[in-house]
Undergrad: 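Take a look at this one; I'll ask things after.
Just so you know, these numbers come straight off a predicted model, no measurement behind them.
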Amino acid sequence: QVQLVESGGGLVQPGGSLRLSCAASGTIFSINDMGWYRQAPGKQRELVATISSGGSTNYADSVKGRFTISRDNAKKTMYLQMSNLKPEDAAVYYCNAAVRPYSLRPNYISYWGQGTQVTVSS
């Protein structure tokens with residue numbers, strides 16, 4: 001089994017910053033792409049940012065220049081540094097990872113964390 005656990009969410013004022021973490025644990029041989037997604041009430045889940053195992057990144061236009069995704073492969077942990085937060089950034093943030101559990105099986109499985117709430121309000 002693989003678990004992804006997010007942390008770091010909370011309440012922040014507009015213009016403030018937060019750092020989210022996503023720690024992977026369990027039966028893991030390797031992790032390929034990882035990503036952050038968010039879902040606001042009444043809206044569909046949307047991509048925020050992704051990062052490959054080699055460190056290549058991709059961002060939604062709405063967060064470019066404000067959010068930075070990173071990962072520590074040794075710690076099996078991904079981060080999202082969020083700056084200049086806006087009310088429209090408020091959502092539940094989910095991490096996703098493509099995990100290869102076993103060395104003898106080449107397939108990757110997509111796992112999701114349980115989500116962490118980010119509230120942006122004065």
Side-chain angles (χ1 to χ4, degrees):
Q1 279 286 6
V2 174
Q3 297 82 37
L4 300 180
V5 179
E6 301 102 333
S7 60
L11 172 65
V12 64
Q13 292 185 342
S17 298
L18 279 177
R19 188 192 194 205
L20 305 183
S21 298
C22 171
S25 63
T27 305
I28 299 172
F29 175 72
S30 65
I31 303 176
N32 198 354
D33 292 350
M34 302 182 77
W36 288 99
Y37 294 75
R38 67 187 181 187
Q39 187 168 18
K43 294 187 177 181
Q44 289 187 332
R45 189 173 298 188
E46 63 177 1
L47 181 147
V48 175
T50 62
I51 185 167
S52 70
S53 58
S56 296
T57 59
N58 178 55
Y59 295 93
D61 288 343
S62 59
V63 306
K64 283 181 180 176
R66 300 188 298 120
F67 291 10
T68 302
I69 189 171
S70 61
R71 63 191 283 176
D72 184 328
N73 291 330
K75 295 183 178 179
K76 299 184 179 65
T77 301
M78 174 178 62
Y79 306 95
L80 186 68
Q81 178 67 47
M82 305 185 292
S83 302
N84 190 22
L85 282 159
K86 303 176 181 181
E88 51 264 40
D89 294 318
V92 177
Y93 282 70
Y94 298 90
C95 71
N96 174 264
V99 177
R100 180 177 170 182
Y102 307 104
S103 62
L104 296 181
R105 300 178 185 176
N107 56 307
Y108 284 84
I109 302 170
S110 179
Y111 290 92
W112 291 90
Q114 83 288 349
T116 185
Q117 178 72 50
V118 172
T119 303
V120 184
S121 176
S122 54

Undergrad: Taking the side chain as every heavy atom from C-beta outward, state whether Val12 and Val120 have any pair of such atoms under 4.5 Å apart.
TA: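 SC-SC contact between Val12 and Val120 confirmed.
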Undergrad: Might you work through the side-chain contact (heavy atoms from CB on, under 4.5 Å) test for Ser17 and Gln81, ending with a clear yes or no?
TA: CA-CA 7 Å; Ser17 298; Gln81 178 67 47; 4.0 Å; yes
Undergrad: Counting C-beta onward and ignoring hydrogens, is there a side-chain heavy-atom pair between Phe29 and Arg105 closer than 4.5 Å?
TA: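 No. Closest side-chain heavy atoms not under 4.5 Å.
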Undergrad: Side-chain contact, heavy-atom cut-off 4.5 Å: Lys76 with Ile31?
TA: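 SC-SC contact between Lys76 and Ile31 confirmed.
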Undergrad: Less than 4.0 Å between a side-chain N and a carboxylate O, is that true for Lys86 and Asp89?
TA: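 Here Asp89 does not pair with Lys86 in a salt bridge, since their nearest N and O are not under 4.0 Å apart.
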Undergrad: Might you point out which heavy atoms bring Ser121 and Pro14 nearest each other, and give the distance in Å?
TA: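 Heavy-atom minimum between the residues: C-CD, 3.6 Å.
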Undergrad: Can you see which heavy atom on Pro106 is nearest to which on Arg100, and at what distance?
TA: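 In this case the closest contact between Pro106 and Arg100 is CA-NE, 3.7 Å.
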Undergrad: Would you check if there is a donor-acceptor pair between the side chains of Arg38 and Tyr93 at a distance under 3.5 Å?
TA: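 Yes, Arg38 and Tyr93 have a side-chain donor paired with an acceptor closer than 3.5 Å.
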Undergrad: Is Leu80 reachable from Leu85 through a run of hydrophobic residues whose side-chain heavy atoms are each under 4.5 Å from the next?
TA: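 Per the 4.5 Å side-chain linkage, Leu85 and Leu80 are co-clustered.
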Undergrad: When clusters are formed by joining ILVMFWY residues with side-chain heavy atoms under 4.5 Å apart, either directly or through shared neighbours, do Val63 and Tyr79 land in the same one?
TA: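 No; Tyr79 is not reachable from Val63 via cluster members.
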Undergrad: Is the closest side-chain heavy-atom distance between Arg71 and Cys22 below 4.5 Å?
TA: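 When only atoms from C-beta onward are counted, Cys22 and Arg71 do not touch, as no gap falls below 4.5 Å.
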Undergrad: Other residues, nucleotides and ligands only: do more than 12 of their heavy atoms fall within 6.0 Å of CD on Glu88?
TA: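 Atom CD in Glu88 is packed in, count exceeds 12.
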Undergrad: For residues Lys43 and Gln39, report the shortest heavy-atom separation together with the two atoms involved.
TA: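 Minimum heavy-atom contact is O-NE2, 3.1 Å.
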Undergrad: Look at the rings of Trp112 and Tyr94 and say which category their plane angle falls in: under 30° parallel, 30 to 60° tilted, over 60° perpendicular.
TA: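 Trp112 and Tyr94: perpendicular rings.
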Undergrad: Are Pro101 and Ile109 side-chain neighbours, meaning at least one heavy-atom pair lies under 4.5 Å?
TA: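 Yes, their side chains come closer than 4.5 Å.
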Undergrad: Is Leu20 linked to Ile69 within one hydrophobic cluster, defined over Ile, Leu, Val, Met, Phe, Trp and Tyr using a side-chain heavy-atom separation of less than 4.5 Å?
TA: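 Leu20 and Ile69: one cluster.
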Undergrad: Any donor-acceptor pair under 3.5 Å linking the side-chain atoms of Ser110 with those of Asn96?
TA: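 Present: a donor and an acceptor within the cut-off.
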Undergrad: Run Gln114 and Glu6 through side-chain contact (heavy atoms from CB on, under 4.5 Å) and show every step you take.
TA: CA-CA 7 Å; Gln114 83 288 349; Glu6 301 102 333; 2.9 Å; yes
Undergrad: Could you measure the distance from the CD atom of Gln1 to the OG atom of Ser25? Nearest 0.5 Å is fine.
TA: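 The distance works out to 10.5 Å.
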Undergrad: Can you list the steps and then say if Ser30 with Tyr108 is a side chain to side chain donor-acceptor pair (under 3.5 Å)?
TA: CA-CA 9 Å; Ser30 65; Tyr108 284 84; 3.1 Å; yes
Undergrad: Indicate yes or no: at least one non-hydrogen side-chain atom of Thr50 is less than 4.5 angstrom from one of Asp33.
TA: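 Result no, sub-4.5 Å side-chain heavy-atom pair not found.
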Undergrad: For Ser7 and Thr116, what are the C-alpha separation, side-chain angles and deciding distance, and is it a side-chain contact (heavy atoms from CB on, under 4.5 Å)?
TA: CA-CA 6 Å; Ser7 60; Thr116 185; 5.9 Å; no
Undergrad: Mind checking whether Ile51 and Tyr59 have side chains closer than 4.5 Å, heavy atoms only?
TA: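 Contact flag for Ile51/Tyr59 side chains = no.
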Undergrad: With a 4.5 Å cut-off on side-chain heavy-atom distances among I, L, V, M, F, W and Y, is there a chain of contacts connecting Leu18 to Phe67?
TA: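 Hydrophobic grouping puts Leu18 with Phe67.
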Undergrad: Can Trp36 be reached from Val92 by stepping across I, L, V, M, F, W or Y side chains whose heavy atoms are under 4.5 Å apart?
TA: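 Unlinked, Val92 and Trp36 end up in two clusters.
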Undergrad: I need the minimum non-hydrogen distance between Cys95 and Met78, along with the two atoms involved.
TA: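 The answer is CB-CE, 3.6 Å.
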